[in-house]
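Beneath this line is the structure, given in structure tokens, with notes to follow.
Naming: A, B, ... by sequence-line order, numbering from 1 per chain. A quick note: this is a predicted structure, and the numbers were derived from the prediction, not measured.
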Number of protein chains: 2
Amino acid sequence: MENVRELFHTMTKRLGLLDRNCCAVGGIELSLVQSHILYEIDRMNEPSMQQVADAIAMDITTFSRQIQTLVKMNLVKKTPYPQDRRVYILSLTPEGKYVTAKIDAEVNEYLGEVFSHMSEFERETVLRSIRLLNECMEKSSICCKPLF
Amino acid sequence: MENVRELFHTMTKRLGLLDRNCCAVGGIELSLVQSHILYEIDRMNEPSMQQVADAIAMDITTFSRQIQTLVKMNLVKKTPYPQDRRVYILSLTPEGKYVTAKIDAEVNEYLGEVFSHMSEFERETVLRSIRLLNECMEKSSICCKPLF
DNA sequence: AATAAATAGTTGCATAATGCAAATAAAAGA
DNA sequence: TCTTTTATTTGCATTATGCAACTATTTATT
């Protein structure tokens with residue numbers, strides 16, 4: 001194992017920059033954290049506050065306030081959950097869905113541009129590698145796991 | 001291209017968690033940002049403030065204050081640069097070097113554990129993939145590039 | 001059923017991080 | 001010399017963070 005950390009560091013740094021470039025849609029400017037929250041709500045199935053906060057590995061109190069902001073921005077909706085009245089179910093408003101889709105499209109466009117510098121074979125290999133890496137981090141006992 | 005963004009998102013999320021776990025050494029508790037600053041100073045060659053701030057893609061004013069904190073913590077040294085008296089050269093103190101090395105070792109240990117779930121061949125493939133990905137992000141015109 | 005313990009979410013508060021605008025100081029260009 | 005650019009710092013206002021404590025509700029224990 002050579003300078004593995006350097007490899008990962010460079011990669012995450014660049015991917016982080018890509019992510020940061022993708023937080024503005026129309027007149028709406030999101031923080032990176034807010035864009036991640038929208039992303040998670042979008043892909044989880046009727047999640048509660050706690051579940052999303054866990055998925056993002058974010059303190060619930062900070063999360064609660066971020067959600068308040070996003071609700072005020074009319075991007076997120078909080079619905080009381082009848083089966084357990086302590087719980088709120090989070091969902092995206094139509095505007096939230098739109099913004100999230102736009103961001104998703106932009107990130108994918110950027111990623112597509114990056115992959116355009118590879119051959120089809122290389123692309124497949126890279127994606128398979130990332131999939132494998134994700135599985136191994138999932139398996140890992142000592143790190144990398146959020147709580148969901 | 002299927003759900004490529006999801007793949008990358010999962011990966012960066014997990015790697016981010018790994019990184020966050022690695023900010024405490026002995027009595028010293030670092031923020032993630034501070035640990036990245038130490039990392040960059042360590043690998044750059046006698047960098048100026050501006051150069052490190054650019055490499056991390058961080059606003060120079062925030063960076064300036066982070067450096068003040070790290071100097072107070074006795075992890076970083078600021079040396080006036082005689083050839084240009086506006087400039088300060090940054091370096092790690094012995095204690096800073098120690099902390100940085102410890103963090104490096106811990107991250108590598110975690111990564112090693114992750115890679116232990118792969119065959120030798122898979123490991124090589126994954127590392128080669130990341131190298132390739134980094135090169136392609138380097139080439140990319142529209143994103144992912146810090147300024148250094 | 002009654003009470004205790006656990007859970008979901010919010011708020012108070014203090015601290016840290018952020019970034020724009022403006023300042024200072026030094027170097028480079030005209 | 002005078003103007004412009006560059007490196008770094010500070011003022012200030014805003015936002016983010018997380019612990020402790022709170023409310024409300026559910027679950028467990030007796």
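Contact annotation for A:Tyr88: backbone-only contact, meaning every heavy-atom pair under 4.0 Å involves sugar-phosphate atoms and none involves a base. Contacts of B:Thr69 with the nucleic acid, taken as non-hydrogen atoms under 4.0 Å apart, are absent.
From A:His36, atom NE2 reaches atom CD1 of A:Ile56 across 8.0 Å, with rounding to the nearest 0.5 Å. Atom CG of A:Leu92 is separated from atom CG of A:Asn74 by 11.0 Å, given to the nearest 0.5 angstrom. Atoms OG1 and CZ, from B:Thr100 and B:Arg43 in turn, are 13.0 Å apart once rounded to the nearest 0.5 Å. Rounding to the nearest 0.5 angstrom, the gap separating the SG atom in B:Cys136 from the CE atom in A:Met118 is 4.0 Å. Remark: A:Ile103 CD1 to A:Asn21 CG distance equals 12.0 Å, nearest 0.5 Å.
One can place CD1 of A:Ile60 at 16 Å from P of D:dA16, the figure rounded to the nearest angstrom. Rounded to an integer number of Å, the gap from B:Gln66 CD to D:dT10 C1' is 16 Å. For the pair A:Met58 CE and D:dT15 C1', the interatomic distance rounds to 12 Å; values are reported in whole Å. Atom-to-atom, CD of A:Gln50 to P of D:dT26 comes out at 16 Å; the value is rounded to the nearest Å. The nearest whole Å value for the distance from the CG atom in B:Leu30 to the P atom in D:dT17 is 18 Å.
Residues A:Arg20 and A:Met49 each lie close to DNA chain C; by heavy-atom proximity, the contact nearer the 5' end of the strand is made by A:Met49.
Defined by atom type and a distance below 3.5 Å, a donor-acceptor pair is missing between the side-chain atoms of B:His9 and A:Asp19.
With salt bridges taken as basic N to acidic carboxylate O contacts below 4.0 Å, none links B:Glu122 and A:Arg128. Between B:Asp104 and A:Arg5, at least one side-chain nitrogen of the basic residue sits less than 4.0 Å from a carboxylate oxygen of the acidic one, meeting the salt-bridge criterion. Salt-bridge annotation for B:Glu95 and B:Lys77: absent, with no side-chain N of the basic residue lying under 4.0 Å from a carboxylate O of the acidic one.
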Find every protein N or O atom lying less than 3.5 Å from an N or O atom of nucleotides 19-23 of chain D, and list the pairs.
from	atom 1	to	atom 2	distance (Å)
D:dC19	N4	A:Thr61	OG1	3.1

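Atom OH of A:Tyr39 has more than 12 neighbouring heavy atoms from other residues, nucleotides or ligands inside a 6.0 Å radius. Applying the 6.0 Å contact sphere to CD of A:Glu6 captures more than 12 heavy atoms from other residues, nucleotides or ligands.
Non-hydrogen atoms lying under 4.0 Å from DNA chain C are contributed by B:Asp84, B:Arg85, all within residues 72-85 of chain B.
Extent of DNA chain C lying under 4.0 Å from chain B heavy atoms, first and last nucleotide in 5' to 3' order, is C:dA17 to C:dA27.
A donor and an acceptor atom sit less than 3.5 Å apart, one in the side chain of B:Arg86 and one in the base of D:dT6.
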